[in-house]
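Just so you know, residue 1 is the first one in the sequence shown, and it goes up from there. The structure presented is a predicted model; accordingly, all values stated were derived computationally and were not measured.
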Amino acid sequence: LGCPLEERVFERGQVVTILTDQPVNGGLLDYIVSQNSVQLGQFVEVPIGKRDHVGVVWSNGSAKIDRVKLRYINRSLDAPSMSNELKKFLIVVASYTVNPMNKVFKLLLGGIELKRSPKGKQFYKASTKILLNSTPKQKKIIRFLVNSPDKFFTMKDLTTTLDVSQSLIKKLVKLGNIETHFGHRYLPYENCQAVFSKSLSKAQKLASDHLCELVSSKKYNTTLLRGVTGSGKTEVYLDAVSQALMMGRQILVLVPEIALSIDFVKRVVDRYKVKPGEWHSGIQKSERSRLYNAVAGNKVQLVIGARSALFLPFVDLALIIVDEEHDGSYKQEDVVCYNARDMAVMRASILGAQVILASATPSLETWVNVEIGKYSRIDLNERYGSAILPAIEVINLKEENIPKGKFISNTLKNEIEIRIKNSQQSLLFLNRRGYAPVTICKMCGFQLGCQTCDARLVQHRLKNKLMCHQCGKSEPIPAICPNCLTSGQLRALGPGVEKIADECQDLFPKARVGVLSSDSMEDTSQMQEKFFRLASGEFDIIVGTQLVSKGHNFPNITLVGIIDADLGLQGSDLRAAEKTFQSLRQVSGRAGRHKKVGKALIQTYLPTHPVILAIAKGNDDNFWALEAEVRKKAGSPPYGKMIAVILSGPNEKIVFDYGRQLVQLWMNSYQGDAEIFGPAQAPVAMIRKRFRIRLLIKCEKSKDIQPKIQKWLARFPTPRFVKVLVDVDPQNFF
């Protein structure tokens, strides 16, 4: 598939192979060219069954099917053609992740539309006029438009998204609060001008100069930019961005969460006075199409996005930055399982571009790649300016007399009181959403669980609902036990962030307490508003999940309290220690990021655990060395290779039998190449009424086992209704 083709243009009547997103033959289907000609890499519309689908001209026809049975290409699409580099990248991703091409092709379809682009339409955006004495619905419309100042919306966009009438929109237009524009939606992006920082420390300047030199080299290299929290990593790598901008080339900055993209976009606009391209699930389809076309036409230089932005059709990509490179959100765990950090390195190596992996707590994979000389490394060991790292103290919960059902120790309580008196903020961290993870009947012991998943329902009192964190289903909190029908005996066990917030309100009645969790915000505008309120000091106490640990800058926080440091150390995850270390180190770094001195308190029942000791003593390199030694002895990643195969289906026996047959086939054919474990019931045994079985293949890191796995799975027919998911380098084992 990756071989260059002699024939680049296909004339009318010729047979070509089209790559589609449909599963038949891995998405590769033959069609007859119906128009004058099509080019290799051109996007087209093709019929499959009774529906039309997007496809790309992939190669010469395969000649496997009689011509009389072939269908014709409908038409060419108004979309930029796929480059040879992007084609090669898709092939490499498919090969590495052991996936058919059709699944990988889906990853880049977010910016391509079947419908024809409008020649001219009426679009709407906010004006600068303030509306006085407005109604709630009018405020809703204006707030939505104000939060999207650079976007244009059709009437249908506004009425559908906001559930308002056309007459209300037209009234706001008449009043002058909404501007109208007639034309094409795909407005051009403004050019970013290179702006280099003038206030770097000596260490930052050395790092900046080195990264700019690497970008200027126009050669592939991956560099770990490791800096303690608050050291100014972003300012340093933005200089590398400026270097690429000065060269007129393209840059991609990957961020792990939408919340971080909001914060980062604001920072970029402050520096460059121009809004960059954005790519994530919060962006409308029309805006994604606009960006896709601009990227392919080299009409936008700087793009900020989530992991899927990696599949955009860049034509002159000089630099990929992976911010918070250790973050688990970079790993996609459905359809095509891939790690955007690793695929970023792969794409840059194909392009000859630079990669900067930025983190205060790099992943062990990156740490090892630095140790063996595969990646280079730059360290920023001190906070910027007068800010100093927070003092870290461990609270031994065995010695604290905490009342039953309460979770804040007296030591932590006293420190919070001091912060409230001094008009400073406290941040309490617990990586558990909702109010309580378990709801149990005190009378009969029944635990409320999801009807379609092997999971308990989590109480969310802010929404007055029980929610399944596996399938997303929710239901009202019942008044009576559904098992014994007893009234008033349901009890919420265990803490979630909402329960900690309630406890704070009981302990400090006059304090302003805010909850920061993905559950408490419905869209990006709400998220942006919440972060602004937190950063501006509106709350005295912030209670948050992992969302608060990811690179945010709250200038008035001087105390971080970690409610349950042991939570992440539970279970059999081989990365449990690493993930807990990263999480606790990151959230501790939210304290004292400006001139005020910060402190972090870690509540734990395991004060001598290596993770707790490493954080308390600041022995990061010692922790990584110890963790690396443990993994190396076990032959576990990053020193060994692991590939999970997850089988799921509505019939447990059929899924188990299929798993056993696969294992037997492997042992007969490939036993000497790798060990295979299973089949075993997955820890989460059922999701959406589908039973889940896991197999695990383990081998030496140097072995190219993926082609054999592909052949192994192809040799045995998959039973009807059974799905197979291959996860190379699994991050979770749920």
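- The minimum heavy-atom distance between P495 and R432, with the atom names listed, is O-CD, 2.8 Å.
- Considering L559, I500, I416, V515 as possible partners of I541, the one that fulfils the side-chain contact (heavy atoms from CB on, under 4.5 Å) test is I416.
- Between S359 and R226, the side chains place no donor N or O within less than 3.5 Å of an acceptor N or O (distance only, hydrogens not considered).
- Classification of D620 and R585 as a salt-bridged pair holds, one side-chain N sitting under 4.0 Å from a carboxylate O.
- Checked by atom type and distance alone, the side chain of Q204 pairs as donor or acceptor with a backbone atom of G232 at under 3.5 Å.
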Problem set entry | Verdict with supporting geometry, L695 and I643, side-chain contact (heavy atoms from CB on, under 4.5 Å) | CA-CA 8 Å; L695 310 176; I643 298 174; over 6 Å; no
For this session: Please report the C-alpha distance between L211 and I378 in whole Å, then the side-chain angles of each, then the deciding distance to 0.1 Å, and finally whether the side-chain contact (heavy atoms from CB on, under 4.5 Å) criterion is met.
Result: CA-CA 9 Å; L211 291 176; I378 298 173; 3.8 Å; yes
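- Checked by atom type, the side-chain pair T580/S583 shows no donor-acceptor distance below 3.5 Å.
- Looking at residues two or more places apart in sequence or on another chain, you find a salt bridge (charged side-chain N to carboxylate O under 4.0 Å, His left out) between K331 and D727.
- Between the NZ atom in K233 and the CG atom in L238 there is a gap of 12.5 Å [rounded to 0.5 Å].
- Panel note: side chain K701, backbone P638; a donor-acceptor pair is recorded below 3.5 Å.
- Closest approach of L310 and A340 over heavy atoms only: CD2-O, 3.6 Å.
- With 3.5 Å as the limit, one finds a donor-acceptor pair spanning the side chains of Y96 and D729.
- Taken to the nearest 0.5 Å, the OG atom of S231 stands 9.5 Å off from the CG atom of D379.
- Atom CD1 of I562 is separated from atom CD1 of I392 by 7.5 Å, given to the nearest 0.5 angstrom.
- Side-chain atoms of D566 come within 3.5 Å of backbone N or O of Y605 as a donor-acceptor pair.
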For this session: Run the numbers on T229 and R590 for side chain to side chain donor-acceptor pair (under 3.5 Å), then give the verdict.
Result: CA-CA 8 Å; T229 53; R590 299 310 107 197; 5.2 Å; no
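- For the pair R456 (side chain) and Q447 (backbone), a donor-acceptor distance under 3.5 Å is absent.
- Put simply, the side chain of L430 does not reach to within 4.5 Å of the side chain of V543, judged on heavy atoms.
- Ion pairing between E325 and R341 holds under the 4.0 Å rule for side-chain N and carboxylate O.
- Residues N221 and S376 bring a donor and an acceptor atom of their side chains to less than 3.5 Å of each other.
- The shortest heavy-atom contact between I320 and A344 is CD1-O, 3.7 Å.
- Ion pairing between a basic and an acidic side chain is recognised when a charged N comes within 4.0 Å of a carboxylate O; E365 and R575 show such pairing.
- Between the CG atom of L427 and the CD1 atom of I557 there is a distance of 4.5 Å, given to the nearest 0.5 Å.
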For this session: Could you walk me through whether E393 and K599 pass the side-chain contact (heavy atoms from CB on, under 4.5 Å) test, one step at a time?
Result: CA-CA 8 Å; E393 297 178 11; K599 179 185 286 189; 3.5 Å; yes
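- A donor-acceptor pair shorter than 3.5 Å can be found between the side chains of Q586 and T361.
- Rounding to the nearest 0.5 Å gives a distance of 8.0 Å between OH of Y670 and NZ of K708.
- Distance alone, capped at 3.5 Å, is enough to place a donor-acceptor pair between the K703 side chain and the D673 backbone.
- No side-chain donor-acceptor contact under 3.5 Å links Q681 to the backbone of I693.
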For this session: Start with the C-alpha distance between I408 and L428, add both sets of side-chain angles, then the distance that settles side-chain contact (heavy atoms from CB on, under 4.5 Å), and finish with yes or no.
Result: CA-CA 10 Å; I408 297 174; L428 302 185; 4.1 Å; yes
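- Crowding of R692 atom CZ: a count of heavy atoms from other residues, nucleotides or ligands under 6.0 Å exceeding 12.
- A distance-only check finds a donor-acceptor pair linking the side chain of K579 to the backbone of Q731 [under 3.5 Å].
- Residues K106 and N99 bring no donor and acceptor atom of their side chains to less than 3.5 Å of each other.
- Between the W279 side chain and the I304 main chain, no donor and acceptor come within less than 3.5 Å of each other.
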For this session: I would like to know whether N431 and T545 meet side chain to side chain donor-acceptor pair (under 3.5 Å); could you show each step before the answer?
Result: CA-CA 4 Å; N431 196 27; T545 60; 5.0 Å; no
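- Scanning for side chain to side chain contact (heavy atoms under 4.5 Å, CB included) contacts around A94 gives M101, V104, with sequence neighbours left out.
- For the 3.5 Å distance criterion, the side chains of Q603 and D564 fail to qualify, holding no donor opposite an acceptor.
- Look at E700 and K641 and you find no salt bridge, because none of the NZ, NE, NH1 or NH2 atoms lies under 4.0 Å from a carboxylate O.
- D454 places no side-chain N or O within 3.5 Å of a backbone atom of M686 that could act as its donor or acceptor partner.
- Between F89 and F311, a ring centre-to-centre spacing shorter than 6.0 Å is recorded.
- Nearest heavy-atom pair, Y220 versus Q354, reported as atom, atom and distance to 0.1 Å: C-NE2, 3.9 Å.
- Contact check on K406 versus E400 returns no salt bridge, with no Lys/Arg side-chain nitrogen under 4.0 Å from an Asp/Glu carboxylate oxygen.
- A salt bridge links E578 with R631: the closest approach of a Lys/Arg side-chain nitrogen to an acidic carboxylate oxygen falls below 4.0 angstrom.
- Of the charged side-chain nitrogens involved, none lies within less than 4.0 Å of a carboxylate oxygen, so that K499 and E503 do not count as a salt-bridged pair.
- Under a 3.5 Å cut-off, the side chain of R690 and the backbone N or O of S648 do form a donor-acceptor pair.
- N396 contributes atom CG, which lies 10.5 Å from atom CD1 of I612 (distance to the nearest 0.5 angstrom).
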